[in-house]
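Reading through the structure tokens given below for one structure.
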Amino acid sequence: MTSKSKISRRDLLRGATVTGAALAAGIAASEEALAKSAQSVKWDHETDVVVVGAGASGFPTAIIAREAGSSVILVEAESHIGGHAILSAGNVPLGGGTAMQKKYGIEDTPDLIFQDLTDWSVTETNGAADYRYNDREIIRAFADNNVATFDWLTSHGVVWVEMKPDTIGGGGVGNSVPRMNHAAIRHWPLVQSGKPADKALQTTAFEAYGGNGLMRSLEVAAQKAGVPILLEHRMTALHRRDGRVVGIAVEHKGKTLNIRARKAVFLGTGGSTGNVNFRRMIDPRLTEEYCGLGGMPWSNQDASGELAAMSVGAALWGLANEVGEFGWTITKPEQLGCQYGYRTLQWLPGSEVFHLARAAGLRIVNWQDAITVNMLGQRFYDETGPQFRGNGYKSIDPYTPGSYLNAKNIKYSPANWLNAAMAGIGDGHNGGGPIWAIFDAEAVKRERWIPTPPNVDMDNGFFFQADSIGELAKKIEMKYQRVPMPPENLEATVARYNSFVDSGVDEDFGKPKPLYKIATGPFYAAWATPCLHDTRTGVRINAKCQVVDMEGQVIPGLYCGGESAGGFGQHGLARAFCQGYIAGNWAAKEPLAG
């Protein structure tokens, strides 16, 4: 234990053991150093509002603040705009009585949204509660601004597929009425392929590439409003003076620049799934091998916003929503044999980032066509088992808000493929290690796969092929496979599984009537490790999206929204857009700093 009355920020980051008094003194000294730094900083740019992140929360914040008369600079770490949102299916659950709901006779109110998204009694079939840990203040603000956000998106160029709001494409959106709207893909080239969608699909398709239409529409709106976008400007720190956040530091092509914010800074950096050490504070299992992040390699959720906010005293919030076994924080892969196998996102040659993605993957249709094994070549669960579920319209039927019967009437049926995959091999290490899908030449025919590059990534060890099962096990070598796969284990696993096909009964994991043997060479091992997607915890905010510190006090001049903010367990784009809408309006009203 240190005996010093003060402790340095370096000590804090190194994890030194300190007394409460020393910790408080250390934080005070750190804040004093930050204040001195802000006093002496040389500003390279000045504006009223600085927005960090050109994604689903950043664009609304920037556009609204600019249209309200504030000058704005929007900075983006990547060389392109859109964040994870541009890669999404464009499903936006906004309700409360939107024009689209009224058009199709759906009765909804802000009060009903609030009731739905704070109902303690709604649980999944594994017992996980979808809404119990939502921050009531944040949900109230969200509910009250749904209609305004929908109208704002529509008035700023977003085109919706003309159809009745439904339940497709999201969880955590409330049980009472359908609220899901689908953005049209539009005419711009798709990030995933580099080519526009077919004309017939540009305004009619949904559950595909609607994020393209969402974010390109907002890019046009930002340009029209006169919002400058500084690409390849990666935020590295916040400047705080006299208690107020007054600007940011960024790195741009090897240079450090400082941007002053006379009114406010908004953090819309997109979450933390790409930062291994940060995500492991919340779930220790999520070690390095969980490298197949939904949205990468287009954009990385690097926790930069959270870390910068924490460095000036911000609290984190709603951590339970990140580890709650509901929704799509962690997902089963749907593309095999590639690093990035997230369910609805497939990278194709022609994309400007395909050289980083390296492979499109083999989209699996039927999990009867493969078995999944761990690093030791052993099965661990029924391959047809689903990922975690999320509540939506009529997920519980009949449904009575706040009734104990909502959970009591559900048949307990845990969705545990993900938990089993991440359980590890009993060797004392955190992390489950790589998961491999094992299949044969007959499965390739049934799935109509072409198991060669650019569909699979052989050069980097995400796909292997051999003429025998034993030889296949010996070939599996890559940086995340920390132990060799014993050939005899995989041979025994396949032989036992084939016997289950003969008997029609999976005696180990209850897979419904195993259908196909793995018996015809060549044989294949394809990367099938769980993918990370949503970030559902982050910086503590209030109803205005102002950042709150460890004492429960607002940090003046600092706002946050979307996946960088905590307190709201919902998959999808609605919370990001709505919090951007809220933050933009309040940030524009901030007084000018002296």
Side-chain angles (χ1 to χ4, degrees), residues 51 53 55-65 67-68 83-85 88 90-101 108-118 131 134-156 158 160 165 169-174 177 179-183 210-211 214-215 217-218 221 266-268 270-271 317-318 321 327 534-536 538-547 559-588:
V51 176
S57 63
F59 265 121
T61 304
I63 296 167
I64 289 168
E67 290 179 340
H84 281 26
S88 73
N91 304 317
V92 186
L94 290 170
T98 65
M100 193 70 81
Q101 286 180 310
D108 196 8
T109 65
D111 287 346
L112 190 57
I113 293 178
F114 178 78
Q115 175 182 280
D116 273 5
L117 301 188
T118 56
Y131 309 122
N134 281 341
D135 182 303
R136 272 55 179 169
E137 182 180 354
I138 293 171
I139 300 303
R140 185 72 253 181
F142 172 79
D144 290 343
N145 284 279
N146 261 224
V147 172
T149 300
F150 181 88
D151 291 344
W152 185 88
L153 289 168
T154 304
S155 68
H156 284 76
V158 173
W160 306 102
V173 298
V177 298
R179 299 184 172 114
M180 189 65 73
N181 309 280
H182 306 282
L214 279 172
M215 301 314 295
S217 296
L218 294 185
F266 174 82
L267 301 175
W317 209 239
N321 285 324
D534 287 357
T535 299
R536 299 194 182 198
V539 175
R540 182 180 179 182
I541 60 173
N542 62 17
K544 296 179 180 179
C545 293
Q546 294 171 298
V547 174
Y559 291 76
C560 183
E563 292 195 61
S564 301
F568 193 166
Q570 184 186 84
H571 170 80
L573 297 161
R575 63 185 172 124
F577 285 132
C578 195
Q579 288 176 347
Y581 177 84
I582 294 169
N585 279 291
W586 284 107

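- The closest side-chain heavy-atom distance from Asp135 to Phe568 is not below 4.5 Å.
- Within the 4.5 Å cutoff, the side chain of Cys545 has heavy atoms near those of the Gln579 side chain.
- No donor-acceptor pair under 3.5 Å is formed between the side chain of Asn321 and the backbone N or O of Gly566.
- Judged by distance alone, the side chain of Arg179 and the main-chain N or O of Val173 form a donor-acceptor pair under 3.5 Å.
- Phe150 is not listed as a side-chain neighbour of Val92, based on a closest heavy-atom distance of 4.5 Å or more.
- Contact check for Arg136 versus Phe114: side-chain heavy atoms found under the 4.5 Å cut-off.
- Distance alone, capped at 3.5 Å, places no donor-acceptor pair between the Glu137 side chain and the Asn542 backbone.
- The number of heavy atoms from other shown groups lying within 6.0 Å of CH2 (Trp152) is above 12.
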Practice task
Report the C-alpha distance between Tyr559 and Ile582 in whole Å, list the side-chain angles of each, state the deciding distance to 0.1 Å, and finish with yes or no for side-chain contact (heavy atoms from CB on, under 4.5 Å).
Solution key: CA-CA 10 Å; Tyr559 291 76; Ile582 294 169; over 6 Å; no
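- The closest side-chain heavy-atom distance from Met215 to Phe59 is below 4.5 Å.
- Under a 3.5 Å cut-off, the side chain of Arg575 and the backbone N or O of Phe142 do not form any donor-acceptor pair.
- Proximity of Phe577 to Leu218: side-chain heavy atoms (C-beta onward) are separated by under 4.5 Å at one or more points.
- Without hydrogens or angle criteria, Gln101 side chain to Gly97 main chain gives a donor-acceptor distance under 3.5 Å.
- Remark: side-chain polar atoms of Thr61 are paired, donor with acceptor, to backbone N or O of Gly580 under 3.5 angstrom.
- Of the possible donor and acceptor atoms, one in the side chain of Tyr131 sits under 3.5 Å from a partner among the backbone N and O of Gly174.
- For the pair Met180 and Pro165, the minimum side-chain heavy-atom distance is 4.5 Å or more.
- Tested against Asp108, the residues Asn146, Ile113, Asp116 include a single side-chain contact (heavy atoms from CB on, under 4.5 Å) partner, Ile113.
- Distance alone, capped at 3.5 Å, is enough to place a donor-acceptor pair between the Asn134 side chain and the Leu117 backbone.
- In this structure, the side chains of Asp144 and Pro110 come closer than 4.5 Å at one or more pairs of heavy atoms.
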